[in-house]
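This report refers to the structure that appears directly beneath it.
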Amino acid sequence: MFMNEKGMRGRHLKQASTDQMSGSRGFTRNLHTAKTKPAENEGVDDPSSEEEASESLVCAETSIVTLDTIELLVESGSAAEGGHVNLSSPLVSKILDVILLMISSNQSIYVMRLVFATQRSVITKFPHIIFEEETDQCSSLCYHLLRHCASSIKEVREEAIASIYLLMRQNYESVGSFSRVKIQLTIALSRLRSDSSDTRKGNDAFLKRSLITLQNYAENDKELASTRFPEQVKEVSKNLFMIMRDTVRMNEVKQDKDSAMRIDLMYRIAKGYQNSPALRITWLKSMAKEHGENDQKCEAAMCYVHAAALISEYMYMVEHQPSLPQGCIAFKQISPNVLQECAVMDDVLKPDEDGMCTGGEFSEKGITKLLRESAELLMESNMYESVDKVYNLLSKIYLAKRSNYHLGGLHRHLHTAYEKMYHMGKKRQMGCYFRVAFYGEKFNDLNGVTMIYKEKPFTKLPEIAHRLQNMYYEQFGDEFEFISDSKRIDPETIDPYRAYVQVTYVEPYFEDYEKKYRKEDFEYSYNVDRFYYSTPFTHSGSAHGAVGEQFKRVTVLTTEFSFPYVKNRLQVVDIKERVMTPIEVATEDMMRKNEEFDEVLRANKDGKVDVKMLQMLIQGAIGTTVNQGPFEIIETFLGGNARKPDVVDDKYLRYRNRLKYQCKTFLNNIKAALTENRNIIGTFQEDYQKEMEENLKKFKLAVAPFIFNPQTLAEVRHNLNKSYDPENSLTRTLSCDYSGQS
């Protein structure tokens with residue numbers, strides 16, 4: 001607040017003289033007290049000490065005269081307008097420039113208090129200059145205030161954080177939110193972290209204390225207690241602290257082998273800059289570079305897609321251009337995850353004026369460059385369907401510019417993409433997924449967390465297990481333990497002071513209705529956020545047993561976002577378990593066999609014959625030595641002495657009918673496979689073909705009583721008995737098993 005009519009100068013100089021005479025620290029941080037004299041020089045004045053004291057007084061005098069002049073200007077303007085302050089904006093802007101210069105300079109503790117007080121008073125009287133007009137001054141003020149919040153001097157920290165809180169409060173009262181201050185504080189923190197000199201001067205512990213004080217101010221502000229202001233201040237403080245902490249950890253793990261942790265830290269820092277698009281884009285590009293070095297091209301492409309979506313969102317807010325994507329919603333077709341780049345209107349008022357949309361990226365050229373880079377990476381990662389969607393956005397830009405050359409290039413690339421899609425067929429692989437669970441306090445934030453890792457195609461479980469085992473053994477030594485099975489871990493049964501990692505292979509999980517439209521490899525790996533793994537068990541305690549005793553526990557994991565994403569591991573946010581009864585396990589087994597046949601038969605229709613796989617399936621279904629699997633299932637659950645639960649309810653009957661249907665489909669698939677095999681084999685395999693056809697007849701004759709109704713059964717027997725050979729080994733086996741039933 002401004003001083004009374006006596007002015008500042010007299011009171012402050014008096015206080016200055018008192019401080020100097022009492023041997024206090026003086027007005028400047030560098031002011032030296034009288035040096036200790038040697039014994040022989042006792043009682044002799046030190047000229048250098050007196051000179052330094054005089055210089056400090058002159059420095060303080062100059063600062064106070066300046067502040068006194070600012071006070072006179074404001075008071076004279078107020079008197080001229082009858083008590084209402086109405087100085088011109090250019091003059092107030094110059095006053096703020098002077099105050100900013102004083103805040104950025106080295107001053108004594110006492111003078112700094114006066115400067116902060118004057119700054120708060122001027123901002124209170126002229127809030128429109130900071131919150132509506134001069135973005136650069138708001139940015140500079142936030143930067144220097146935040147820098148002083150990290151000061152080792154308690155008095156300076158207290159004044160700086162008080163100024164920041166009042167700045168937020170005045171911004172909130174002026175326009176209904178403190179978006180501008182929040183954005184500029186985030187940018188200021190980024191500048192502090194990148195400025196090595198200021199980073200050394202500031203101390204993270206002191207800055208953390210200041211942020212806690214900021215929250216306390218908001219909690220104790222009774223006037224705004226009923227508004228969202230205290231909660232928003234808490235969110236800002238937490239966000240600034242998270243950015244600061246993650247940046248420090250990022251510097252610590254730069255040389256670490258844990259690339260997933262580096263990506264996670266980059267991701268969290270980028271998320272902290274959600275309201276500062278230019279900074280977020282910088283970190284997204286850094287993530288893309290890190291992914292590129294790890295040969296994670298799909299994830300690098302997603303980083304560029306998110307950056308392009310973010311730019312489109314803010315450019316759409318500034319100026320509507322029909323040729324450009326209309327905000328991040330236009331990128332949803334590439335990945336639904338980009339919707340998190342939507343600008344929150346409460347936080348963004350004037351992106352073009354707040355300095356958020358500056359730089360070459362926020363232009364048509366910037367969007368085009370990012371989209372082209374993402375398309376190239378998607379092409380290299382076999383995501384051809386996504387390439388098409390990226391080119392859809394690019395083509396609109398080139399059409400508006402009438403750039404026929406670039407349009408021709410797009411269509412050539414699309415032609416190449418679709419040709420590769422056709423020729424690769426089912427051989428296209430997008431990646432493998434693994435569940436990685438962390439246990440133990442040594443993992444800090446990861447303790448008790450389960451992640452889904454996306455790895456390169458054809459990655460085997462031993463490969464990722466060996467990599468993680470070596471990496472964490474180097475980090476924790478003998479205190480690390482690797483869990484090789486997939487059993488449930490009770491945290492109460494393990495040593496909390498050791499580090500445990502459990503790795504399990506998982507597959508994407510889809511409901512039955514989803515499987516109808518997820519047929520291709522791309523659809524199987526695109527927009528996937530649920531995964532599952534199965535754990536077999538029996539009531540006797542062993543993992544595996546007879547068909548009628550085999551249970552299975554299916555664990556379904558849901559991740560926070562869907563793959564592919566800007567990072568290659570996602571946290572599991574939901575876990576559900578379901579126990580499958582033996583008849584459900586058997587039905588699933590038959591369904592899987594039918595799916596394998598369907599896949600091969602469909603490929604044969606497309607002219608992509610896989611003879612080896614076709615014959616392997618035939619042999620596995622009706623070969624004389626391996627056909628007992630399906631036969632045992634039919635005998636156990638559909639035979640005359642079929643195993644039944646204690647209570648035969650609708651659920652059991654439903655699964656029994658479903659199993660019967662799958663068995664009929666299985667017989668039809670074998671017949672279709674033999675027909676296809678006859679069309680493609682040579683004369684040297686005629687004997688093999690006849691043997692398999694004969695085996696099918698005998699197998700069908702043996703199981704027919706259990707899967708066909710009486711009317712159909714008579715017809716099946718009549719047709720099969722025409723070529724029935726009682727000496728066939730398979731027929732003898734089945735006849736003995738079902739004597740009196742066939």
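In this chain, residues are counted from 1 in sequence order.
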Legend entry - Test: Arg518 and Glu511 ion pair at under 4.0 Å: no
Legend entry - Pair listing, ring-ring contact (aromatic ring centres under 6.0 Å, His included) test, anchored in residues 367-410, at least two apart: Tyr398-His406
Legend entry - Residues in side-chain hydrogen bond (donor to acceptor under 3.5 Å, both in side chains) contact with Gln469, at least two apart in sequence or another chain: none
Legend entry - All salt bridge (Lys or Arg N to Asp or Glu O under 4.0 Å) counterparts of Lys396, not counting sequence neighbours: none
Legend entry - Tyr316: ring-ring contact (aromatic ring centres under 6.0 Å, His included) partners, not counting sequence neighbours: His320
Inset, instruction - Report the residues that fulfil side-chain hydrogen bond (donor to acceptor under 3.5 Å, both in side chains) with Glu419, sequence neighbours left out, ordered by chain and then residue number. - result: His415
Legend entry - Selection residues 401-411 - residue pairs positive for salt bridge (charged side-chain N to carboxylate O under 4.0 Å, His left out), sequence neighbours left out: Glu364-Lys401
Report all side-chain donor-acceptor pairs from residues 436-447 shorter than 3.5 Å, counting only partners two or more places apart or in another chain.
{"residue": "Lys442", "atom": "NZ", "partner": "Glu479", "partner atom": "OE1", "Å": "2.8"}
{"residue": "Asp445", "atom": "OD2", "partner": "Arg249", "partner atom": "NH1", "Å": "3.4"}
{"residue": "Asn447", "atom": "OD1", "partner": "Gly440", "partner atom": "N", "Å": "2.8"}

Inset, instruction - Under the salt bridge (Lys or Arg N to Asp or Glu O under 4.0 Å) rule, collect the residues that match up with Glu376, sequence neighbours excluded. - result: none
Show the atom names and distances, to 0.1 Å, of all donor-acceptor pairs under 3.5 Å that link a side chain in residues 292-302 to residues at least two apart or in another chain.
{"residue": "Asn294", "atom": "ND2", "partner": "Glu290", "partner atom": "O", "Å": "3.2"}
{"residue": "Gln296", "atom": "OE1", "partner": "His291", "partner atom": "ND1", "Å": "2.7"}
{"residue": "Lys297", "atom": "NZ", "partner": "Glu380", "partner atom": "OE1", "Å": "3.0"}
{"residue": "Glu299", "atom": "OE2", "partner": "Lys454", "partner atom": "NZ", "Å": "3.2"}

Legend entry - By side-chain hydrogen bond (donor to acceptor under 3.5 Å, both in side chains) - contacts of Gln321 (at least two apart): none
Inset, instruction - Could you name each residue pair satisfying salt bridge (charged side-chain N to carboxylate O under 4.0 Å, His left out) that touches residues 264-277, not counting sequence neighbours? - result: Asp246-Arg268, Asp264-Lys567, Asp264-Arg569
Legend entry - Set of residues satisfying side-chain hydrogen bond (donor to acceptor under 3.5 Å, both in side chains) with respect to Tyr505, sequence neighbours excluded: none
